[in-house]
Amino acid sequence: MYILEAIENGFMVAAVQFQGVSRHFGDVRAVDDVSFEIDDGEFFSMLGPSGSGKTTCLRLIAGFEEPAAGSILIHGTNATGLPPYERDVNTVFQDYALFPHMSVMDNITYSLMLKRVAKQERAARGARMLELVKLDDLGRRKPAELSGGQRQRVALARALINEPRVLLLDEPLGALDLKLREQMQVELKALQRSLGITFIYVTHDQEEALSMSDRLAVFNLGRIEQIGSPEDVYEHPATPFVAGFVGISNILPAEVAAGLTGKSRPFSIRPEKVHFGDDEHAGSNDWCSVAGKVRDVQYHGANTRYQIALETGGELTVLRQNLGSVTRNTGLRIGDSIRLSWHREDMQFLGAEI
Ligand code: ATP
């Protein structure tokens with residue numbers, strides 16, 4: 001009733017809502033008074049270092065854990081006390097958790113068998129799922145006869161066959177090598193778009209979270225430091241932790257900032273926003289400029305990272321795309337003197353003025 005009224009009144013009911021949710025294990029505050037909303041149909045990532053509380057949040061949504069405080073709403077209904085099988089969510093685990101003795105088709109349709117769905121319908125839905133995850137010809141194989149990426153697809157098909165409105169994915173690509181992971185990222189995102197269901201995705205890989213998500217939440221020590229679009233979080237990190245965890249850490253402390261910006265507040269600047277040289281902008285109030293010495297040069301193929309020790313103290317990383325051959329690039333070597341400049345708009349001040 002509540003949902004119908006909300007839709008009639010033009011409100012979208014959130015797929016998942018956390019209201020002051022906590023889950024502690026002894027002294028460990030795995031999830032500590034967390035509140036957020038995930039929209040229906042959204043690709044939402046939970047990003048954070050190991051032990052920051054992402055998986056516990058996912059398990060709370062799935063119903064494998066119960067909150068010690070606060071409430072969780074799934075599509076507007078309080079899920080407290082509901083067992084996992086009564087929630088309109090399904091989970092894909094990192095280790096896939098496939099049954100080794102069963103064929104791919106039986107793995108995928110297992111939950112339909114438990115629900116006593118007729119054999120013919122099971123086969124038809126199983127075949128549709130195999131097609132969806134591009135495993136059409138592999139239904140008779142056993143999991144051991146598949147590659148890592150194929151096993152991952154079976155786990156995905158098995159979760160999707162129940163047609164959940166929310167799919168929970170816990171580091172689903174963690175076991176794959178880099179190439180396959182990148183390919184599966186594109187496929188997962190395309191699948192989510194075409195199905196239009198909510199994906200809640202746990203990862204500690206910031207590039208994965210930035211490239212796939214509509215929005216992401218950055219976790220630290222059981223709390224959320226920032227929620228926003230990938231652009232928001234990357235361009236405007238709200239805290240020093242986010243500035244350091246998402247992207248390359250490039251933070252100058254308050255005492256160095258004071259000499260450069262006139263404000264005694266730490267700030268971050270993304271490495272690709274820092275320019276070599278300051279001739280074009282000399283005298284402009286919109287630009288900051290500082291002298292430094294090259295301390296290190298790291299070649300990364302598509303780009304090169306330069307560590308520049310500033311004469312004001314502090315150090316900045318500068319990233320340059322290798323558009324030409326290495327010799328045609330900056331030509332900078334360790335020990336060279338260089339001026340750096342950046343637009344004031346690209347600085348993100350962090351914390352209060354000291
Ligand atoms: P990872 O990326 O390593 O999976 P995470 O961000 O998902 O980490 P959680 O698994 O949610 O983190 O764990 C958060 C904290 O809670 C950690 O300190 C962890 O050791 C602790 N924790 C999680 N589950 C339990 C449990 N069942 N018993 C005791 N402590 C737990």
Side-chain angles (χ1 to χ4, degrees), residues 15-38 42-72 74 79-84 87 89-97 148 151-152 155-156 159 166-178 181-182 184-185 188 198-213 215-228 230 233 237-247 249:
V16 173
Q17 263 175 292
F18 269 46
Q19 298 173 337
V21 172
S22 295
R23 177 74 174 101
H24 300 171
F25 298 103
D27 290 344
V28 179
R29 292 163 178 247
V31 176
D32 192 15
D33 192 15
V34 162
S35 301
F36 62 93
E37 277 188 28
I38 301 174
E42 191 171 30
F43 196 122
F44 186 89
S45 292
M46 299 187 189
L47 172 70
S50 184
S52 58
K54 315 173 298 280
T55 298
T56 305
C57 277
L58 210 68
R59 291 174 57 81
L60 284 162
I61 300 169
F64 301 133
E65 301 280 353
E66 281 295 331
S71 36
I72 297 170
I74 300 179
T80 312
L82 273 189
R87 301 180 182 213
V89 303
N90 249 321
T91 310
V92 179
F93 299 98
Q94 180 177 5
D95 61 4
Y96 315 141
R151 262 180 244 161
Q152 205 283 332
L156 200 60
V166 177
L167 192 67
L168 308 175
L169 302 109
D170 193 358
E171 307 247 6
L173 309 181
L176 307 180
D177 65 45
L178 181 64
R181 202 157 71 225
E182 286 174 349
M184 288 300 298
Q185 285 169 6
L188 266 183
T198 310
F199 271 34
I200 307 179
Y201 194 94
V202 162
T203 180
H204 62 263
D205 180 336
Q206 41 118 355
E207 278 184 29
E208 194 162 277
L210 289 176
S211 65
M212 298 175 82
S213 320
R215 285 189 312 144
L216 57 132
V218 184
F219 279 74
N220 182 30
L221 301 172
R223 287 175 164 262
I224 293 180
E225 297 254 340
Q226 186 171 6
I227 298 185
V233 170
T239 66
F241 176 81
V242 176
F245 189 74
V246 182
S249 175

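Here, residue 1 is the first one in the sequence, and each next residue gets the next number. When a ligand or atom number is given, it counts from 1 through the structure's own listing order. Predicted model, so just to flag it, every value in this text is computed and none were measured.
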**Asked** Should we say atom CD of E207 is surrounded by more than 12 heavy atoms from elsewhere, each under 6.0 Å from it?
**Response** no

**Closest protein heavy atom (residue, atom, distance) for atom 13 (O) of ligand 1** = T56 OG1, 3.8 Å

**Message:** Heavy atoms only: which of K54, M46, H24 lies closest to atom 2 (O) of ligand 1?
**Reply:** K54

**Message:** Give the atom numbers and elements of ligand 1 that come within less than 4.0 Å of a heavy atom of P49.
**Reply:** 6 (O)

**Item:** Closest contact, heavy atoms only, P67 versus L60
**Value:** N-CD2, 3.4 Å

**Prompt:** So with a 6.0 Å cut-off around CG of L221, is the heavy-atom count from everything else above 12?
**Reply:** no

**Prompt:** Is atom 19 (C) of ligand 1 close to the protein, meaning a heavy atom under 4.0 Å from it?
**Reply:** no

**Message:** Geometry only, no angles: is E65 polar-contacting ligand 1 at N/O separations under 3.5 Å?
**Reply:** no

**Prompt:** Any side-chain heavy atom of E208 sitting closer than 4.5 Å to one from L47?
**Reply:** no

**Asked** Under a heavy-atom criterion of less than 4.0 Å, does G26 contact ligand 1?
**Response** no

**Request:** Search all heavy atoms of K54 against all heavy atoms of M46 and return the closest pair with its distance.
**Result:** CD-O, 3.5 Å

**Item:** Atoms of ligand 1 close to S52 [distance to a heavy atom under 4.0 angstrom, numbered from 1]
**Value:** 5 (P), 6 (O), 12 (O)

**Message:** S50 versus ligand 1: do any nitrogen or oxygen atoms come within less than 3.5 Å of each other?
**Reply:** yes

**Asked** Any N or O on G51 sitting closer than 3.5 Å to an N or O of ligand 1?
**Response** yes

**Asked** Would a 4.5 Å heavy-atom cut-off, applied to side chains only, mark P172 and Y201 as touching?
**Response** yes

**Asked** Do the rings of F36 and F44 sit parallel, tilted or perpendicular, given the 30° and 60° boundaries?
**Response** parallel

**Request:** For atom 24 (N) of ligand 1, state which one of F219, F25, F64 supplies the nearest heavy atom.
**Result:** F25

**Prompt:** Which of these, T203, L47, L58, T55, has its nearest heavy atom closest to atom 10 (O) of ligand 1?
**Reply:** T55

**Prompt:** Is there a nitrogen or oxygen of V28 sitting under 3.5 Å from a nitrogen or oxygen of ligand 1?
**Reply:** no

**Rounded distance [0.5 Å steps], OG in S50 versus NE2 in H204** = 8.0 Å

**Fill in**
The single option from L168, I38, L169 that satisfies side-chain contact (heavy atoms from CB on, under 4.5 Å) with F199 is L169

**Item:** atom 16 (O) of ligand 1 [closest protein heavy-atom partner, distance rounded to 0.1 Å]
**Value:** A30 CB, 3.2 Å

**Asked** Of all the heavy atoms in G48, does at least one lie under 4.0 Å from an atom in ligand 1?
**Response** no

